Visitor: 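One structure, pasted below without further comment.
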Amino acid sequence: GLGVINIPVVVHVIYSNSNENISDAQINSQIQVLNEDFNATNSDVGLVPTEFAGRVADSDITFTLDQVIRVASSTSSWPTNDSMKYSSNGGSDVVSPSTHLNIWVVGGLTSGGRTILGYAQFPGGAAATDGVVVAHNFFGNTGRVSAPFDGGRTTTHEVGHWLNLRHIWGDGRCRQDDFVADTPSSDAPNYGCPSYPTVNCRSNDMTMNYMDYVDDACMYMFSEGQKARMRTLFTSGGSRESILL
Ligand code: ARG
Ligand code: ZN
Ligand code: CA
């Protein structure tokens with residue numbers, strides 16, 4: 001098998017004031033959360049209900065902080081059009097996307113007039129925009145973080161997308177698949193901190209999965225099926241194989 005897959009990370013901090021210029025400690029806290037969540041060493045993994053406990057995955061994917069790039073910008077609130085990924089727009093250009101995960105940390109993000117926490121590009125997209133974007137106050141679990149999204153799980157969720165995972169409700173009704181067999185079908189996102197069991201589509205939702213929309217404190221697992229879907233990207237011919245080369 002592939003063994004442990006290590007992903008070098010470039011963090012671009014694009015700030016328009018000192019609050020947005022987050023500390024190295026806050027950046028390091030996010031790297032630690034990623035390492036815990038992708039190796040099932042997160043302290044809350046024991047909260048997974050018995051029904052799903054056998055599906056908890058140690059994905060064997062680790063993250064190493066390779067570089068932090070800090071860019072002063074006049075922009076604080078960014079749209080989700082990838083403009084922060086270009087120095088020509090007051091952002092920061094992608095670094096080595098075939099071998100590195102790029103994370104852009106910005107002041108704030110809006111989509112259709114609404115605040116969002118972060119967004120990601122799926123595998124197979126343009127190299128210049130490959131990576132994830134997270135608002136500064138939802139990045140890491142220490143420093144300038146905003147409850148209830150103060151556990152670093154926004155980046156876990158977005159890196160899940162970057163590794164080809166869909167939302168567990170498949171972004172559609174009950175029959176819409178997330179292409180993962182061991183995540184029960186659901187018809188819509190869950191929010192807040194749902195109690196177990198939460199029943200939709202005649203089965204109990206895996207609301208505690210990182211690919212739902214619940215609060216950070218209420219998501220604490222990837223499934224074995226999701227692990228397999230992520231790791232397929234690194235096999236021969238897979239779209240993230242170049243990270244291992
Ligand atoms: N793209 C999603 C949003 O902005 C991320 C949701 C992450 N969820 C979380 N609990 N951190 O709404
Ligand atoms: Zn998402
Ligand atoms: Ca499923």
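When a ligand or atom number is given, it counts from 1 through the structure's own listing order. No experiment lies behind these values; they were computed from the predicted model shown.
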Visitor: Considering only the protein, which heavy-atom contact is closest to atom 10 (N) of ligand 1, and what is its distance?
Guide: V214 O, 2.5 Å
Visitor: Please lay out, stage by stage, how D171 and Q176 fare under the test side-chain hydrogen bond (donor to acceptor under 3.5 Å, both in side chains).
Guide: CA-CA 7 Å; D171 294 310; Q176 184 68 44; over 6 Å; no
Visitor: Which of the numbered atoms in ligand 1 are below 4.0 angstrom from a heavy atom of R153?
Guide: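 Answer for ligand 1: 11 (N).
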Visitor: Are D60 and N39 side-chain neighbours, meaning at least one heavy-atom pair lies under 4.5 Å?
Guide: yes
Visitor: Answer yes or no: does an N/O atom from G118 fall short of 3.5 Å to an N/O atom of ligand 1?
Guide: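 Yes, at least one N or O pair falls under 3.5 Å.
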Visitor: Show the atoms of ligand 1 that are less than 4.0 angstrom away from any heavy atom in M219.
Guide: 8 (N), 9 (C), 10 (N)
Visitor: Among N137, D215, V145, T142, exactly one meets side-chain contact (heavy atoms from CB on, under 4.5 Å) together with D150. Which residue is that?
Guide: V145
Visitor: Report yes if the distance between the aromatic ring centroids of Y119 and H161 is under 6.0 Å, otherwise no.
Guide: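 Aromatic pair excluded; centres sit 6.0 Å or further apart.
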Visitor: Begin from the C-alpha positions of Q67 and I69 and carry the test side-chain contact (heavy atoms from CB on, under 4.5 Å) through to its verdict.
Guide: CA-CA 6 Å; Q67 205 181 334; I69 299 170; 3.7 Å; yes
Visitor: Measuring to the Ca ion (ligand 3), does S185 have an N/O/S atom at a distance below 3.0 Å?
Guide: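 No - counting backbone and side chain alike, S185 has no N, O or S atom under 3.0 Å.
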Visitor: Counting only nitrogen or oxygen atoms and a 3.5 angstrom limit, does T154 reach ligand 1?
Guide: yes
Visitor: Would you check if Q26 and R144 make a side-chain contact, meaning some heavy-atom pair closer than 4.5 Å?
Guide: yes
Visitor: Going by the atom numbers of ligand 1, which of them fall below 4.0 Å from some non-hydrogen atom of F149?
Guide: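 Counting atoms of ligand 1 from 1, those under 4.0 Å from F149 are 9 (C), 10 (N), 11 (N).
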Visitor: How far is atom 7 (C) of ligand 1 from its nearest protein heavy atom, and which residue and atom is that?
Guide: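 Of every protein heavy atom, L117 CD1, 3.8 Å lies nearest to atom 7 (C) of ligand 1.
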Visitor: Pick one: which of D212, T207, I168 meets side-chain contact (heavy atoms from CB on, under 4.5 Å) with P189?
Guide: D212
Visitor: Any atom of ligand 1 sitting under 4.0 Å from a heavy atom of Y119?
Guide: no
Visitor: Would you list the atom pairs, donor with acceptor, under 3.5 Å between side chains in residues 120-134 and any protein atom, with sequence neighbours excluded?
Guide:
from	atom 1	to	atom 2	distance (Å)
Q121	OE1	T129	OG1	2.6
Q121	NE2	A126	O	2.8
T129	OG1	A126	O	3.3
D130	OD1	W162	NE1	3.2
D130	OD1	R240	NH2	3.0
D130	OD2	R240	NH1	2.8

Visitor: Test of understanding: given a 4.0 Å heavy-atom threshold, classify the contact between L109 and ligand 1 as side chain, backbone, both, or neither.
Guide: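 The answer is neither; L109 stays 4.0 Å or more away.
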Visitor: To which protein heavy atom is atom 9 (C) of ligand 1 closest, and what is the distance rounded to 0.1 Å?
Guide: D216 OD1, 3.3 Å
Visitor: Verify whether one side chain among N17 and E20 offers a donor that lies under 3.5 Å from an acceptor in the other.
Guide: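 Result is yes, a qualifying pair exists.
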Visitor: Of all N, O or S atoms in D178, which has the smallest distance to the Ca ion (ligand 3)?
Guide: OD1
Visitor: Find the distance between CD1 (I243) and CD1 (I7) and round it off to the nearest 0.5 Å.
Guide: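 One gets 5.0 Å once the value is rounded to the nearest 0.5 Å.
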Visitor: Could you see which bit of Y213 sits under 4.0 Å from ligand 1, with heavy atoms only: side chain, backbone, both or neither?
Guide: side chain
Visitor: Got a sec: is V180 within less than 3.0 Å of the Ca ion (ligand 3) via an N/O/S atom?
Guide: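 So V180 counts as coordinating the Ca ion (ligand 3), yes.
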Visitor: Give yes if a backbone or side-chain nitrogen or oxygen of E158 is under 3.5 Å from a nitrogen or oxygen of ligand 1, and no if not.
Guide: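 Between E158 and ligand 1, an N or O pair is found under 3.5 Å apart.
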Visitor: Should you measure from each heavy atom of I116, which atoms of ligand 1 turn up under 4.0 Å away?
Guide: 4 (O)
